[in-house]
Structure formats: structure tokens, C-alpha cells
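FYI, the numbering just counts along the sequence from 1.
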Amino acid sequence: MKKKITPKTILTNLDAIITGTTLTLCVILVNLNVVFRYFLKSPIKWTDEVVTSLFVWTVFMGSAYAHRKHSHLGVDIVVNLIHGKARKVIEFAVSFLTILVLVLLTYISCQYVYNLIYSRGVLKMTLTDTLRIPKWYTGIAVPLGFGLSLIYQVYFFLRDQLHLIKTKDAPEEKSENDQEGGAY
């Protein structure tokens, strides 16, 4: 049975949709430019700039999507050797530190975008070289990606560590023999 596409499913998966769309456009534009450059001897000048911007969006939205799906790489060899209360303490500390790092990265990336828009408090947008569009169109992907990851991490922290959020699909407690490795 096919899932019905609703506005809720689109909004819920917006990070994945943006990632897939921008990556697809990157591939199409790069291949199109190869054809124009090598076969027609007339490269499309603006493709490098557009592909770079699309790739930034792909990376940061894809990072948020990977965070939501618990698909980031993690080195958990030591954590997997520890069981019981010590493991829970380590998982709590790692989750909390992840939130702190994401808060810092979101804040710094917001400052970066602000500086692309304002210069010394005056509206003076930095423009791209070829298309002359504001650079913040690309740069805004950075705080959006970190911000989404932060929202996901806070949600997971409240659900899994503090048990303040109850969900149908929340992971159940596993026995020590049933534990599986995962990313933090």
C-alpha cells in the first residue's frame, strides 16, 4: 500500500526533500556543463557558482536529515564495552555535549549569515561573483542545518535521556545482550 503524500509528510521530510532535490540538481548541472564544455566548446559560466551553492544546501540539510535518522558515524567501541549505569551516564553526557556543540555551531553560523547581510550594522549584502545574487542565500543553509540538528537532538535528549516525551515509536529498553551499536 502506498503512503499518501500530505502536507504533514512533506513538512516532516522537508530536510530529505531539500537534500534530494539539491543533489539531483547538482548532478544534472555538472553533467550539463560537461556536455557544453567538451562537446559544444562553450561552458556555462554560472554552473560552478550554482552547483557550489546547491552543494552547501545538500551537505547541511543532509546532515540534519542524517541526525534525525541517527545515521551519523560514531565511534562507540568503548561505550559498547560498558554496561549498566556507567553506560547511561556516558550516553547522557554525550547527548548533552552534542546539544552544547550544536548550540555553539548554530550561533556562530547565524553570526556568519548576519555578516553576509550586514556590514558594520548597515545593510550591505555580499554578492556572488557571476550571478550577483546575495551570498546569504547559500549561507543560510548552514544555520538551518545546525538548527535542525539541534532541534532533533533536543527532542532525542528529552525523549531518550530525560523520558519527558512519550511516543509510540520510542525505542524500548533492550537487554544487555540485545544492545546494538549506534551513532551519537
Gap separating the CZ atom of Phe146 from the CG atom of Leu104, nearest 0.5 angstrom: 9.5 Å

Heavy-atom count around Phe55 CZ within 6.0 Å, excluding the residue itself: above 12? no

List the atom of Trp57, the atom of Ile18, and the distance in Å for their closest heavy-atom pair. CE3-CG2, 4.1 Å

Does the His72 side chain pair with the main chain of Ser63, one donor and one acceptor, at a distance under 3.5 Å? yes

Do Arg87 and Asn80 touch side chain to side chain, with heavy atoms closer than 4.5 Å? yes

Tyr152 and Leu144: same hydrophobic cluster, using ILVMFWY side-chain contacts below 4.5 Å? yes

Are Leu23 and Leu25 grouped together when hydrophobic residues (ILVMFWY) are joined by side-chain heavy atoms under 4.5 angstrom apart? no

Within the structure provided, determine whether Leu127 and Ile133 are in side-chain contact (heavy-atom separation under 4.5 Å). no

Would a hydrophobic clustering, with Ile, Leu, Val, Met, Phe, Trp and Tyr connected at side-chain separations under 4.5 Å, put Leu14 with Val59? yes

Are Thr47 and Val30 packed together at the side-chain level, in the sense that at least one heavy-atom pair is separated by less than 4.5 angstrom? no

Go through the steps for Leu116 and Tyr112 under the test side chain to side chain contact (heavy atoms under 4.5 Å, CB included), then give the verdict. CA-CA 6 Å; Leu116 288 176; Tyr112 168 71; 3.6 Å; yes

Heavy-atom check, side chain of Arg68 versus side chain of Asn13, under 4.5 Å: yes

Less than 4.5 Å apart, side chain to side chain, heavy atoms only: is that true for Tyr155 and Thr167? yes

Taking all non-hydrogen atoms of both residues into account, name the closest pair between Gly139 and Val113 and its distance. O-CG2, 3.3 Å

Hey, are the side chains of Glu91 and Asp160 touching, using non-hydrogen atoms and a 4.5 Å cut-off? no

Leu29 backbone acceptor or donor facing Asn33 side chain under 3.5 Å: no

Report the C-alpha separation of Leu102 and His67 in whole Å, then their side-chain angles, then the decisive distance to 0.1 Å, and conclude whether the side chain to side chain contact (heavy atoms under 4.5 Å, CB included) test is met. CA-CA 11 Å; Leu102 286 170; His67 199 96; 4.1 Å; yes

Say you draw a straight line from SG of Cys110 to CG of Asn115; how long is it, rounded to the nearest 0.5 Å? 11.5 Å

CG on Leu150 to CG on Leu100, rounded to 0.5 Å: 9.5 Å

Is there a path of hydrophobic side-chain contacts, each under 4.5 Å between heavy atoms of I, L, V, M, F, W or Y residues, that connects Tyr107 with Trp136? no

Nearest 0.5 angstrom please: Thr106 OG1 to Ile99 CD1, how far? 11.5 Å

When rounded to the nearest 0.5 angstrom, what is the spacing between NZ in Lys135 and CD1 in Ile140? 15.5 Å

Minimum side-chain heavy-atom gap Leu148-Phe60 below 4.5 Å: no

Measure the acute angle between the ring planes of His70 and Phe156, then classify it against the limits of 30° and 60° as parallel, tilted or perpendicular. tilted

Should Met61 and Thr22 count as side-chain neighbours, where that means a heavy-atom distance under 4.5 Å? no

Verify side chain to side chain contact (heavy atoms under 4.5 Å, CB included) between Val50 and Leu131, making sure each step is shown before the conclusion. CA-CA 9 Å; Val50 172; Leu131 294 176; 3.6 Å; yes

Taking all heavy atoms of Val142 and all of Ser109, pick out the closest pair and write down the distance. CG1-CB, 3.4 Å

Just verifying a value: how many Å separate Phe36 CZ and Lys41 NZ, rounded to the nearest 0.5 Å? 14.0 Å

Linking I/L/V/M/F/W/Y whenever any side-chain heavy atoms sit under 4.5 Å apart, do Ile44 and Phe39 land together? no

List the atom of Gly145, the atom of Ala64, and the distance in Å for their closest heavy-atom pair. O-CB, 3.6 Å

Taking transitive links into account, so neighbours of neighbours count too, which hydrophobic residues share a cluster with Ile10 at under 4.5 Å side-chain distance? Ile5, Ile17

Say whether, by atom type as modelled, one donor and one acceptor occur between the side chain of Thr19 and the main chain of Gly62 under 3.5 angstrom. yes

List the atom of Ser53, the atom of Thr138, and the distance in Å for their closest heavy-atom pair. OG-OG1, 2.6 Å

Is there a donor-acceptor pair under 3.5 Å between the side chain of Ser95 and the backbone N or O of Phe92? no

Using only heavy-atom distances, determine whether the side chains of Thr128 and Glu49 contain a donor-acceptor pair under 3.5 Å. yes

